[in-house]
Amino acid sequence: MAETRAGFVALIGEPNAGKSTLLNRMVGAKVSIVTHKVQTTRARIRGVAMQGDAQIVFVDTPGLFRPRRRLDRAMVAAAWGGAADADIIVLLVEAHRGVTEGVEAILEALRERVNEGRTVVLAINKIDRVKAEVLLALSARLNEAYPFAQTFMISAERGHGVDDLREWLAAHLPEGPWLYPEDQIADLPMRMIAAEMTREKLTLRLHQELPYQMTVETENWEERDDGSVRIDQVIYVVRDGHKGIVLGNKGETIKGVSQAARAEIAEFVGRPVHLFLQVKVRPNWLEESERYSEMGLDFKDGNT
Ligand SMILES: Nc1nc2c(ncn2[C@@H]2O[C@H](COP(=O)(O)OP(=O)(O)OP(=O)(O)O)[C@@H](O)[C@H]2O)c(=O)[nH]1
Ligand SMILES: [Mg+2]
């Protein structure tokens, strides 16, 4: 009988690099939210993929950037924590943006933090956006800057190169028993996934700073006898004015958010969902430790 393999693969990179898109593709389901805006993912999210006899536990992380606020610092700490615990690190770099200052900073940090011969592979993502020559030059430059174990050219969105990456990762994980039941795809509680889905719909509809100043929590989850689920969620904002924007003219914005989120949550749980959203003004939520634990972040990581 073949030996099984299992281990953790952390996906790291700048905000918007496509980490969550890649996680979802690897897992074959949407377990981590995706938007075109930076800093979408706030905590570590694990998704489980099977590849032959190997179980790959992908760890999606918040993007790495220069943090300013407590929340930002806690997010970046969570991302590096995910990398530190992993068997293999995959650094995602956006093909069309190349070696930005942010990428330089990550390479520098990798050189400093990641020792003991940990395997780091490079995945140049969004190859659908550039020509082949650009890719080759970028790959050469990045490999000069850091000794990557391997380089992959992928499009997380379209799926190019993703199978090769998964096969390589499976072959390079340590031998050992699987870490999760074979049919489990995520280790995030359903109430948290449901809150994230609502936050995604809000982030897609709200502009400028507002997505970064709100959070969503599931307060109540009730399985009903008729097979449906009643879910109550709270959207925390920092100002009265924000509440008005989230509600929208005649409540249109919140209605649109609610419908879109409900449909997605219902698909995920495979049951009808009744979703009730409430907006609460909480000027200080970004400094409340309870909000951080609800997000799966360590409040103390945000201390300067
Ligand atoms: N063209 C193109 N777009 C992509 C690809 N992969 C991801 N995207 C887009 O890039 C944007 C960011 O994707 P995410 O998966 O949310 O990126 P992320 O790295 O998780 O971002 P943060 O959570 O903010 O750190 C989304 O609009 C995706 O649709 C790709 O291969 N090609
Ligand atoms: Mg993300």
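Every heavy atom of this structure was used, including side-chain atoms; hydrogens, water molecules and symmetry mates were not. Predicted model, so just to flag it, every value in this text is computed and none were measured. Along the sequence shown, the residues carry numbers beginning at 1. As the structure lists them, so they are numbered: ligands from 1, and atoms in each ligand from 1.
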Enquirer: Would you say R129's side chain and H96's backbone share a donor-acceptor pair under 3.5 angstrom?
Expert: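 The answer is no, because no donor-acceptor pair under 3.5 Å joins these two groups.
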Enquirer: For ligand 1, note which part of V38 has a heavy atom under 4.0 Å away: side chain, backbone, both or neither.
Expert: backbone
Enquirer: Evaluate whether atom CZ of R69 has more than 12 neighbouring non-hydrogen atoms of other residues, nucleotides or ligands under 6.0 angstrom away.
Expert: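 Counting neighbours around CZ of R69, more than 12 heavy atoms of other residues, nucleotides or ligands fall under 6.0 Å, so yes.
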Enquirer: Closer than 2.8 Å to the Mg ion (ligand 2), do we get an N, O or S atom from N16, backbone or side chain?
Expert: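 Given the 2.8 Å cut-off, N16 does not count as a ligand of the Mg ion (ligand 2).
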Enquirer: For K201, run the side-chain contact (heavy atoms from CB on, under 4.5 Å) check against Q259, R262, E264 and tell me which one passes.
Expert: E264
Enquirer: Between ligand 1 and A17, can you find any atom pair, the residue atom being a heavy atom, that is separated by under 4.0 Å?
Expert: yes
Enquirer: Answer yes or no: does an N/O atom from N125 fall short of 3.5 Å to an N/O atom of ligand 1?
Expert: yes
Enquirer: Against heavy atoms of S155, which atoms of ligand 1 measure under 4.0 Å?
Expert: 30 (C), 31 (O), 32 (N)
Enquirer: Below 3.5 angstrom, do we get any N/O pair linking T61 and ligand 1?
Expert: no
Enquirer: For ligand 1 and T21, I'd like to know whether there is a polar contact (N/O to N/O, distance under 3.5 Å).
Expert: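 Yes; the residue has a nitrogen or oxygen that sits under 3.5 Å from a nitrogen or oxygen of the ligand.
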Enquirer: Run through T61, D301, L64 and flag the one making a side-chain contact (heavy atoms from CB on, under 4.5 Å) with W80.
Expert: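 In the set T61, D301, L64, the residue that makes a side-chain contact (heavy atoms from CB on, under 4.5 Å) with W80 is L64.
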Enquirer: Name the orientation class of the two ring planes belonging to Y146 and F148 (parallel below 30°, tilted from 30 to 60°, perpendicular beyond 60°).
Expert: tilted
Enquirer: Donor-acceptor pair, T4 side chain versus G176 backbone, under 3.5 Å?
Expert: yes
Enquirer: Side-chain donor-acceptor pair under 3.5 Å between T203 and T35, yes or no?
Expert: no
Enquirer: Which residue and non-hydrogen atom of the protein lie closest to atom 3 (N) of ligand 1, and at what distance in Å?
Expert: E157 OE1, 3.5 Å
Enquirer: Identify the protein heavy atom lying closest to atom 32 (N) of ligand 1, giving its residue, its atom name and the separation to 0.1 Å.
Expert: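 For this ligand atom, the closest protein heavy atom is D128 OD1, 2.8 Å.
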Enquirer: Could you establish whether Q39 and ligand 1 come within less than 4.0 Å of each other, counting only heavy atoms on the residue side?
Expert: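 Yes.
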Enquirer: Please find out if the Mg ion (ligand 2) and some N, O or S atom of T21 are separated by less than 2.8 Å.
Expert: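 Within the cut-off used here (under 2.8 Å), T21 places no N, O or S atom near the Mg ion (ligand 2).
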Enquirer: Test your reading of the structure: does P15 have an N or O sitting under 3.5 Å from an N or O of ligand 1?
Expert: no
Enquirer: Side chain of R118, backbone of A86: donor and acceptor closer than 3.5 Å?
Expert: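 The answer is yes, because a donor-acceptor pair under 3.5 Å joins these two groups.
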Enquirer: Heavy-atom distances under 4.0 Å are what count here, so tell me which part of K126 touches ligand 1: side chain, backbone, both or neither.
Expert: both
Enquirer: Consider only side-chain N and O atoms of R46 and Y180, and report whether a donor and an acceptor are under 3.5 Å apart.
Expert: yes
Enquirer: Of all the atoms in ligand 1, which lie at a distance below 4.0 Å from a heavy atom belonging to G18?
Expert: 7 (C), 13 (O), 14 (P), 15 (O), 17 (O), 18 (P), 19 (O)
Enquirer: Taking N or O atoms only and a 3.5 Å limit, does G63 qualify as a polar contact for ligand 1?
Expert: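 Yes.
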Enquirer: Which residue and atom name correspond to the protein heavy atom nearest atom 21 (O) of ligand 1, and how close is it?
Expert: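 Scanning the protein heavy atoms, the shortest distance from atom 21 (O) of ligand 1 goes to N16 N, 2.9 Å.
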Enquirer: Will you find, in the side chains of S32 and N24, an N or O donor that is under 3.5 Å from an N or O acceptor?
Expert: no
Enquirer: Show me which atoms of ligand 1 lie under 4.0 Å from any heavy atom of T40.
Expert: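 Every atom of ligand 1 under 4.0 Å from some heavy atom of T40: 22 (P), 23 (O), 24 (O).
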Enquirer: Salt bridge (Lys or Arg N to Asp or Glu O under 4.0 Å) between E144 and R141: does it pass, once the steps are laid out?
Expert: CA-CA 5 Å; E144 253 167 52; R141 196 169 154 204; over 6 Å; no
Enquirer: Looking at K37, I'd like to know if its NZ atom is crowded, meaning that more than 12 non-hydrogen atoms belonging to other residues, nucleotides or ligands lie closer than 6.0 Å.
Expert: yes
Enquirer: Does an N or O from R129, backbone or side chain, lie closer than 3.5 Å to an N or O of ligand 1?
Expert: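 So ligand 1 has no N or O lying under 3.5 Å from an N or O of R129.
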Enquirer: Considering only the protein, which heavy-atom contact is closest to atom 27 (O) of ligand 1, and what is its distance?
Expert: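 It is H36 CA, 3.4 Å.
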Enquirer: Using a plain distance cutoff, I'd like to know if I154 has any nitrogen or oxygen under 3.5 Å from a nitrogen or oxygen of ligand 1.
Expert: no
Enquirer: Give a yes or no answer on whether the side chain of R70 reaches the backbone of F299 with a donor-acceptor pair at less than 3.5 Å.
Expert: yes
Enquirer: Suppose we measure from atom 19 (O) of ligand 1 to each protein heavy atom; which comes out shortest, and what is that distance?
Expert: K19 NZ, 2.7 Å
Enquirer: Counting neighbours of CD on E252 that are heavy atoms of other residues, nucleotides or ligands and sit closer than 6.0 Å, is the number greater than 12?
Expert: yes
Enquirer: Classify the contact between T35 and ligand 1 as side chain, backbone, both or neither, using a heavy-atom distance cut-off of under 4.0 Å.
Expert: backbone
Enquirer: Output the list of atoms in ligand 1 that are nearer than 4.0 Å to some heavy atom of V34, sorted by atom number.
Expert: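 In order of number, 13 (O), 14 (P), 15 (O), 16 (O), 26 (C), 28 (C).
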